[in-house]
Amino acid sequence: MALLPILCYPDPKLHTKAKPVEDFGARLRTLIDDMLVTMYSAKGIGLAATQVNVHEQLIVIDVSDRRNNPLVLVNPRQVWSSDETQFSEEGCLSVPGIYDQVLRHACVKVEAQDSQGRQRLMEAESLLAVCIQHEMDHLLGKVFVEYLSMLKRKRIKTKMLKAQRENHE
C-alpha cells in the first residue's frame, strides 16, 4: 500500500469529471487500499479518486469514531435526497486548513457498486450524508469552496497559492 499525492486547490485537475469504473480487478483493489491509507494518513474522513489524480468514479469514506469502518462506493449515483437541508462545517483534504459552512441535503439514498462490482443501495444521514455528497461532488469536478461566495473563493485561492509557493521554496 502506498501513500498517494493529494491534489490541492486550485489545481485544474480537480475540475475533471470522473469516468465510470469498468474493471473491478486487482488494479482497482490496489487503488482502494492506497486511497484508504492516504485518507487515514491525512486524517480525513473521505477521499475521491479525483483528489489523487485518478479520474474514475470511486470514493472511500470512514466516519466511524475508531476509523475502522471503511465504506467504498464505486460508480455512485444519488437516487434520492431529502427536502430537508442543513448547514454543516466542511473541510477538504484538497483544501487543507480551510473550513466553512455548506448547505447539503440532510438525508440521501445512493446506488453504488462495491469493490467486487456488486450493486448496493444505501441511505445516509448526518455526517455520512454530508461526506457522500461532498465526495460525489469531486467526481463531478466540483470542490466545496465553489459553494462559497466569490470573495471567499478568491481569498482561499490566494491563500492556497501562497502556501504552495512557500512549500516549493
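Predicted model, so just to flag it, every value in this text is computed and none were measured.
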Open item on the list: For residues 83-96, which residue pairs pass the side-chain hydrogen bond (donor to acceptor under 3.5 Å, both in side chains) check, not counting sequence neighbours?
Closed with: Gln51-Ser94, Glu90-Arg104, Glu90-His134
Can you tell me how far the [atom1] atom of [X] sits from the [atom2] atom of [Y], to the nearest 0.5 Å?
| X | Y | atom1 | atom2 | answer |
| --- | --- | --- | --- | --- |
| Lys152 | Glu146 | NZ | CD | 15.0 Å |
| Leu127 | Ile45 | CG | CD1 | 4.0 Å |
| Thr16 | Asn53 | OG1 | CG | 7.5 Å |
| Leu139 | Lys19 | CG | NZ | 12.5 Å |
| Thr50 | Lys142 | OG1 | NZ | 14.5 Å |
| Leu58 | Ile32 | CG | CD1 | 5.0 Å |

Output yes when a side-chain donor or acceptor of [X] lies under 3.5 Å from a complementary backbone atom of [Y], and no otherwise.
| X | Y | result |
| --- | --- | --- |
| His105 | Ser81 | no |
| Arg77 | Ala112 | no |
| Asn75 | Pro20 | no |
| Arg29 | Phe24 | yes |

Determine whether [X] and [Y] fall in the same hydrophobic cluster, where Ile, Leu, Val, Met, Phe, Trp and Tyr are linked whenever their side-chain heavy atoms lie under 4.5 Å apart.
| X | Y | value |
| --- | --- | --- |
| Met35 | Val72 | yes |
| Val63 | Val108 | yes |
| Tyr9 | Val52 | no |
| Val54 | Leu28 | yes |
| Leu148 | Leu14 | yes |

Task: Glu56/Arg27 ion pair, N-O < 4.0 Å - done: yes
Open item on the list: Could you check whether atom CZ of Arg67 has more than 12 heavy atoms from other residues, nucleotides or ligands sitting under 6.0 Å from it?
Closed with: yes
- [ ] Could you tell me whether Met122 atom CE has more than 12 heavy atoms of other residues or ligands within 6.0 Å of it?
- [x] yes
Contact between [X] and [Y] at the side-chain level, heavy atoms closer than 4.5 Å - yes or no?
| X | Y | result |
| --- | --- | --- |
| His138 | Cys92 | yes |
| Val21 | Gln113 | no |
| Phe144 | Val95 | yes |
| Leu36 | Met39 | yes |
| Gln78 | Met136 | yes |

Which atom of [X] lies closest to which atom of [Y], heavy atoms considered:
| X | Y | value |
| --- | --- | --- |
| Cys107 | Ala129 | CA-CB, 4.4 Å |
| Leu7 | Lys13 | CD1-CB, 3.7 Å |
| Gln57 | Ala18 | NE2-O, 3.3 Å |
| Tyr40 | Pro70 | OH-CB, 3.6 Å |
| Pro96 | Cys8 | CD-SG, 4.2 Å |
| Pro76 | Val110 | CB-CG1, 3.9 Å |

Task: Derivation and outcome, side-chain contact (heavy atoms from CB on, under 4.5 Å), residues Asp114 and Val74 - done: CA-CA 6 Å; Asp114 65 14; Val74 182; over 6 Å; no
TODO: Apply side-chain contact (heavy atoms from CB on, under 4.5 Å) to the pair Ile132 and Leu73, showing each step before the final yes or no.
DONE: CA-CA 9 Å; Ile132 288 172; Leu73 299 176; 4.2 Å; yes
Open item on the list: Apply side-chain contact (heavy atoms from CB on, under 4.5 Å) to residues Thr38 and Leu93 and explain how you reach the verdict.
Closed with: CA-CA 10 Å; Thr38 302; Leu93 295 176; over 6 Å; no
Open item on the list: Checking Asp100 against Tyr147 for the side-chain hydrogen bond (donor to acceptor under 3.5 Å, both in side chains) test, could you report, in this order, the C-alpha distance in whole Å, the side-chain angles of both residues, the deciding distance, and whether it holds?
Closed with: CA-CA 10 Å; Asp100 213 316; Tyr147 288 98; over 6 Å; no
Task: Sole residue of Ile59, Val60, Asp62, Leu128 in side-chain contact (heavy atoms from CB on, under 4.5 Å) with Leu71 - done: Leu128
- [ ] Before giving the answer on side-chain contact (heavy atoms from CB on, under 4.5 Å), spell out for Glu111 and Gln119 the whole-Å C-alpha distance, their side-chain angles and the decisive distance to 0.1 Å.
- [x] CA-CA 7 Å; Glu111 280 182 352; Gln119 201 69 32; 4.0 Å; yes
